[in-house]
Amino acid sequence: AYAIGQFTDAERYYQDYLESTEEGVGRWEAWSRLVDISLSVHGDFDIGAERLEIMILEFGQDSTRRWDLLVRLAEVYEAMHEWGKATDAWQQVLNLPDLEPEQIPRIHWQLAKIHQYSGDYDLALDALDRCLDSSQTPSVQAECLFDKSQTLVYMKRTYEARQLLNQILEMEGVPIERHAFAAFMLADLMEQINEYQLAEELLMSIRDTYPHPMVVETRLKHLREVMESR
């Protein structure tokens with residue numbers, strides 16, 4: 001039934017199986033399919049989250065499965081804008097034993113994004129500092145620095161934001177796209193303090209690397225119009 005798209009029937013069959021077979025070897029697959037049906041077919045995030053919570057209780061003793069379930073649950077709560085529940089799920093992920101070193105900064109980054117979305121900027125900064133402290137690669141460090149600069153802009157601490165963006169531009173090993181985004185954002189901040197020449201130089205430097213070249217050209221045109229009017 002699931003394979004041919006008869007999802008209502010499949011859902012009923014899976015539920016009957018789970019109710020009648022407490023120790024069945026197919027329980028993981030049945031629950032997984034029920035989650036998929038609720039989220040991907042029905043778009044019912046409440047039921048999807050509820051089913052994931054049940055799966056965590058049943059299968060959470062397996063650390064690998066607990067990781068997968070908690071991450072998925074956190075993402076579902078994020079999609080629902082249930083920031084408190086999403087934060088709790090990511091905190092549970094962070095408390096899992098035997099985390100790989102490269103997983104830790106990503107979790108702090110996810111927590112920071114949630115705090116950004118909910119307007120808790122001080123908590124976002126704290127999470128991003130933890131991201132930076134635990135990161136081991138320039139790409140992850142640059143991502144954390146970029147989001148920290150964004151957070152500082154939201155807090156109207158633009159001087160500090162400019163310092164961080166300059167730090168990204170001076171780092172080695174930063175992905176080209178992240179470097180371009182940092183330069184674009186810094187150009188915007190420089191324009192705000194009437195440093196038009198520096199803003200133009202920054203935009204010119206990313207004409208070939210920014211993912212959306214027309215955006216850069218439009219900003220350059222606007223900037224030059226402002227410079228000519230002064």
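Below, all heavy atoms of this structure are taken into account, side chains as well, without hydrogens, waters or symmetry copies. Owing to the predicted nature of the structure, the values given are computational and were not obtained by experimental measurement.
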Legend entry - side-chain contact (heavy atoms from CB on, under 4.5 Å) between Val174 and Gln141, intermediate numbers included: CA-CA 9 Å; Val174 175; Gln141 291 169 357; over 6 Å; no

Legend entry - Rounded distance [0.5 Å steps], CZ in Arg51 versus CG in Leu34: 4.5 Å

Inset, instruction - Find out whether Phe45 and Ser38 are in side-chain contact, i.e. whether some heavy atom of one side chain is under 4.5 Å from a heavy atom of the other. - result: no

Inset, instruction - Please examine the side chains of Leu220 and Glu200, heavy atoms only from C-beta on, and report whether any two atoms are closer than 4.5 Å. - result: yes

Inset, instruction - Could you tell me whether Arg12 and Glu19 have a side-chain N and a carboxylate O separated by less than 4.0 Å? - result: no

Legend entry - For the student: nearest non-hydrogen atoms of Ala74 and Ala86, plus distance: O-CB, 3.9 Å

Legend entry - Side-chain heavy-atom pair Thr87, His115 within 4.5 angstrom cut-off: yes

Inset, instruction - Decide yes or no on side-chain contact (heavy atoms from CB on, under 4.5 Å) for Gln116 and Lys113, but give the supporting numbers first. - result: CA-CA 5 Å; Gln116 272 190 351; Lys113 297 304 291 185; 3.0 Å; yes

Legend entry - Passing option when Trp67 is tested against Thr64, Val71, Leu70, Leu69 for side chain to side chain contact (heavy atoms under 4.5 Å, CB included): Val71

Legend entry - Test item: Glu225 and Lys221 side chains (from C-beta on) under 4.5 Å apart, heavy atoms: yes

Inset, instruction - Kindly compute the distance separating SG (Cys131) from CG (Asp126), expressed to the nearest 0.5 Å. - result: 11.5 Å

Legend entry - side-chain contact (heavy atoms from CB on, under 4.5 Å) between Gln197 and Glu201, worked out: CA-CA 6 Å; Gln197 189 66 41; Glu201 291 174 6; 3.7 Å; yes

Inset, instruction - Using a strict 4.0 Å threshold on nitrogen-to-oxygen distance, state whether Glu160 and Arg157 make a salt bridge. - result: yes

Inset, instruction - Could I get the full list of side-chain hydrogen bond (donor to acceptor under 3.5 Å, both in side chains) partners for Arg65, not counting sequence neighbours? - result: none

Legend entry - Ionic contact status for Glu143 with Arg106, cut-off 4.0 Å: yes

Legend entry - Check: Leu123 main-chain N/O paired with Asp120 side-chain donor or acceptor under 3.5 Å: no

Inset, instruction - Evaluate the side-chain proximity of His108 to Leu94: yes if any heavy-atom separation is below 4.5 Å, no if none is. - result: yes

Inset, instruction - Kindly indicate, with the supporting measurements, whether the criterion side-chain contact (heavy atoms from CB on, under 4.5 Å) is fulfilled by Met155 and Thr151. - result: CA-CA 6 Å; Met155 300 172 75; Thr151 305; 4.1 Å; yes

Legend entry - Mutual orientation of the aromatic rings belonging to Tyr14 and Tyr2 [parallel < 30°, tilted 30-60°, perpendicular > 60°]: perpendicular

Inset, instruction - Would you check if there is a donor-acceptor pair between the side chains of Asn95 and Gln91 at a distance under 3.5 Å? - result: no

Legend entry - Evaluation steps, side chain to side chain donor-acceptor pair (under 3.5 Å), between Glu170 and Asn166: CA-CA 6 Å; Glu170 293 170 0; Asn166 273 309; over 6 Å; no

Legend entry - OH-CG distance between Tyr77 and Asp46, expressed to the nearest 0.5 angstrom: 8.5 Å

Legend entry - Greater than 12 external heavy atoms within 6.0 Å of Glu22's CD: no

Inset, instruction - Considering only NZ, NE, NH1 and NH2 on the basic side and carboxylate oxygens on the acidic side, decide whether Arg178 and Asp147 come within less than 4.0 Å. - result: no

Legend entry - Pairwise distance CD(Gln15) to CD1(Ile37) - rounded to 0.5 angstrom: 8.5 Å

Legend entry - Separation of Leu18 CG from Glu58 CD (nearest 0.5 Å): 7.5 Å

Inset, instruction - Tell me, please, which residues at least two apart from Glu217 pass side-chain hydrogen bond (donor to acceptor under 3.5 Å, both in side chains). - result: Arg207

Inset, instruction - Taking side-chain contact (heavy atoms from CB on, under 4.5 Å) as the test, write out the residues that go with Arg162, two or more places apart. - result: Thr158, Tyr159, Leu186, Leu189, Met190, Ile193

Legend entry - Contact check, side chains of Leu39 and Val35, non-hydrogen atoms, under 4.5 Å: yes

Legend entry - Side-chain heavy atoms of Leu152 within contact of Leu125, under 4.5 Å: yes

Inset, instruction - For the pair His81 and Trp83, name the ring-plane relationship: parallel under 30°, tilted 30 to 60°, perpendicular over 60°. - result: parallel

Inset, instruction - Answer yes or no: is there a side-chain heavy-atom contact under 4.5 Å between Thr209 and Glu177? - result: no

Inset, instruction - Name the orientation class of the two ring planes belonging to Tyr210 and Phe184 (parallel below 30°, tilted from 30 to 60°, perpendicular beyond 60°). - result: parallel

Inset, instruction - Using only heavy-atom distances, determine whether the side chains of Glu78 and Trp90 contain a donor-acceptor pair under 3.5 Å. - result: yes

